[in-house]
Amino acid sequence: MLYHKECKEKEIFVGNVRAEDELVYLQGKVNFRKGVQAIDIHGSKIDNNYMSPLFVAKEDSSKYDTIMVARSKE
């Protein structure tokens with residue numbers, strides 16, 4: 001599991017998304033939020049204008065996985 005210091009207790013950090021991405025493919029399907037500071041695999045900061053961290057409610061993690069697998073097959 002990925003670690004991010006902005007992650008709340010009932011969330012998981014699933015990675016980074018483009019800062020301007022509206023995530024319409026997740027809206028109404030899973031509870032999610034964008035964080036403030038994106039980080040790379042070494043924990044180094046990534047430009048906030050480029051990327052944002054993405055957090056998903058733990059209870060929705062399997063739904064999120066299903067959505068992302070389907071998107072990868074498109």
Side-chain angles (χ1 to χ4, degrees):
M1 186 178 302
L2 301 172
Y3 170 78
H4 194 291
K5 68 180 182 178
E6 291 179 44
C7 192
K8 296 179 181 176
E9 185 178 334
K10 294 183 178 184
E11 295 176 328
I12 57 170
F13 170 52
V14 295
N16 298 311
V17 294
R18 292 178 192 246
E20 72 275 1
D21 193 347
E22 294 182 23
L23 306 171
V24 294
Y25 54 91
L26 297 178
Q27 292 176 359
K29 297 175 183 153
V30 298
N31 292 311
F32 70 92
R33 72 178 177 90
K34 286 171 136 181
V36 176
Q37 182 60 64
I39 56 173
D40 65 18
I41 61 171
H42 304 291
S44 299
K45 294 179 180 180
I46 299 174
D47 183 352
N48 292 18
N49 294 317
Y50 175 59
M51 300 295 277
S52 297
L54 180 63
F55 306 98
V56 173
K58 285 181 182 178
E59 64 188 20
D60 290 338
S61 63
S62 62
K63 289 181 196 174
Y64 173 81
D65 290 343
T66 300
I67 291 166
M68 296 312 288
V69 167
R71 286 177 54 84
S72 72
K73 293 178 180 179
E74 292 177 352

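Note that the coordinates shown come from a computational prediction; the quantities given were computed from them, not determined experimentally.
A donor-acceptor contact shorter than 3.5 Å links the side chain of Glu6 to the backbone of Val36.
Nearest heavy atom pair, residue Val69 against residue Ser72, reads O-OG, 2.7 Å. For Asn48 against Ala19, the heavy-atom pair with the smallest separation is O-CB, 3.6 Å. Taking both residues in full, the closest heavy atoms of Ser52 and Gly35 are given as CB-O, 4.0 Å, listed atom of the first, atom of the second, then distance.
Annotation: side chain of Val30 is in contact with side chain of Ile67 (closest heavy-atom distance under 4.5 Å). Within the 4.5 Å cutoff, side-chain heavy atoms of Leu23 are placed close to those of Lys34. Put simply, the side chain of Glu11 reaches to within 4.5 Å of the side chain of Arg33, judged on heavy atoms. A heavy-atom distance below 4.5 Å is found between the side chains of Leu54 and Leu26.
In this structure, Val17 is a member of the same hydrophobic cluster as Ile12, with clusters built from ILVMFWY side-chain heavy atoms closer than 4.5 Å.
The stretch residues 56-74 participates, sequence neighbours left out, in these salt bridge (charged side-chain N to carboxylate O under 4.0 Å, His left out) pairs: Asp60-Lys63. Applying the salt bridge (charged side-chain N to carboxylate O under 4.0 Å, His left out) test to every pair with at least one member in residues 13-24, sequence neighbours left out, gives no pairs at all. Applying the ring-ring contact (aromatic ring centres under 6.0 Å, His included) rule to pairs touching residues 22-49 yields nothing, sequence neighbours excluded. For the salt bridge (charged side-chain N to carboxylate O under 4.0 Å, His left out) condition, no pair includes a residue of residues 36-56, sequence neighbours left out.
The hydrophobic cluster containing Tyr50 also includes Ile46, Met51, under a criterion of side-chain heavy atoms closer than 4.5 Å among ILVMFWY residues, counted directly or through chains of members.
Every ring pair (Phe, Tyr, Trp, His ring centres under 6.0 Å) that Phe13 has, sequence neighbours left out, goes to His4, Phe55.
Atom-to-atom distance recorded for Ser44:OG and Ile39:CD1 is 9.0 Å, nearest 0.5 angstrom.
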